[in-house]
Amino acid sequence: MLKLPNDGPATGRLLSQVLTGDGPAAIVRAIAEAQPPLMERLGAGRLHGDPTQIVGVNDTGDKQKALDVGAHHHMIAVLRRAGVRRVLSEEAEAVIELNPGGAWDVAMDPIDGSGSIGIGAPLGMLFSIMPAAPEGFLRTGESVVAAGYASFGHSMDFGWSLGDGTHIAGWDAEAGEFRMVRENVALKPAASTIAYNASNERHWEPGLQRWVADLRAGRDGPLGKNYNMRWLAAAVGELHRILLNGGAFLYPADRRPGYGNGKLRLVYEAMPIAFLVEQAGGLASDGAQPIRYRKPLAVHDMTPLIFGAKDEVETILGYLAEPSKG
């Protein structure tokens, strides 16, 4: 590894010294320890074969790539050994029964942002943990007791919360373990960076179109400040960036066929993001109510999602709530 003039020994407590408990803490630790093989395969690109090869279509109509399915099976084996009772995965139509006597259920997106596999853009995984219950995953986000994500970019990072704040660790290759990077992440309520897909603006509700017009007006407009725009095309990448640097993200419902209920998955994408963001002092909404209050009608239900800095999200929700003009 290249050494910079101010470099010294790696600092930060090892993750294994921080996540020492049983129950959800042990599951979070097992998920973290399962990430390096995924990162290594991503780093190998096409040297051993094509990780972007289409091998199927998942329940929500997305094409499954070889890495999607490989990561799914890899994580299923990890969660089985961790004693998890049931798993809901984006890459499986039905809920998977692992350990009938297990006390915890896990919902996961094994590879979030898989459209970016092989081009160097950020991607990762998302997961949430609930107590095992007869209703399975058809519960509100209030049932989530822990959540986390992995981010694969120029570094490998792992964020999580057990309901005691949101924390982030980074991979220390020399130690072969994650080390703590940020503890008790606190999102500033105001932000100047917004992430959304601008190509969809014309399909948005009138209130959101007014908001984006005012946003672009910058300091001279009603919002009174200039904004920067980002769009990584992977919710997990946006989550990691926002937790580190602040900002807000939106993927709202729009008028296109199939997008009236949004496009992100409620249980294994929006719920873990909402848990992590709220633990960091931010907000996460579907545009009408907090994500944590949403109850899915089916395990692969979709939702609009707006999350990030409290003041910015509240501003967006205010525009959405305005009656249509003209």
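Note that this is a predicted model, so its numbers are computed, not measured.
Between the Glu312 side chain and the Ala191 main chain, a donor and an acceptor come within less than 3.5 Å of each other. Side-chain atoms of Arg182 come within 3.5 Å of backbone N or O of Leu244 as a donor-acceptor pair.
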Check residues 70-85 and write down every donor-acceptor pair under 3.5 Å in which the side-chain atom is one partner and the other belongs to a residue at least two apart or another chain.
| residue | atom | partner | partner atom | Å |
| --- | --- | --- | --- | --- |
| His72 | ND1 | Ser89 | OG | 2.9 |
| His74 | NE2 | Ala34 | O | 2.8 |
| Arg85 | NE | Pro100 | O | 3.4 |

Under 3.5 Å, side-chain donor or acceptor atoms of residues 123-139 against the rest of the protein: list the pairs with distances, not counting sequence neighbours.
| residue | atom | partner | partner atom | Å |
| --- | --- | --- | --- | --- |
| Arg139 | NE | Gly136 | O | 2.6 |
| Arg139 | NH1 | Pro131 | O | 2.9 |
| Arg139 | NH2 | Pro131 | O | 2.8 |
| Arg139 | NH2 | Gly136 | O | 2.9 |

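Ring pair Trp204/Tyr259: centre-to-centre distance not below 6.0 Å.
Considering only residues two or more places apart in sequence or on other chains, Lys188 meets the salt bridge (charged side-chain N to carboxylate O under 4.0 Å, His left out) condition with none of them. Annotation: salt bridge (charged side-chain N to carboxylate O under 4.0 Å, His left out) contacts of Arg241 (sequence neighbours excluded): Glu238. Scanning for ring pair (Phe, Tyr, Trp, His ring centres under 6.0 Å) contacts around Phe249 gives Trp231, Phe307, with sequence neighbours left out. The ring pair (Phe, Tyr, Trp, His ring centres under 6.0 Å) check on Tyr149 picks up His240, with sequence neighbours excluded.
In this structure, Val267 and Pro272 approach most closely via the heavy-atom pair O-CD, 3.3 Å. The minimum heavy-atom distance linking Asp164 with Asn184 is given by the pair O-OD1, 3.4 Å. Nearest heavy atoms, Met271 versus Pro296: CE-CD, 3.9 Å.
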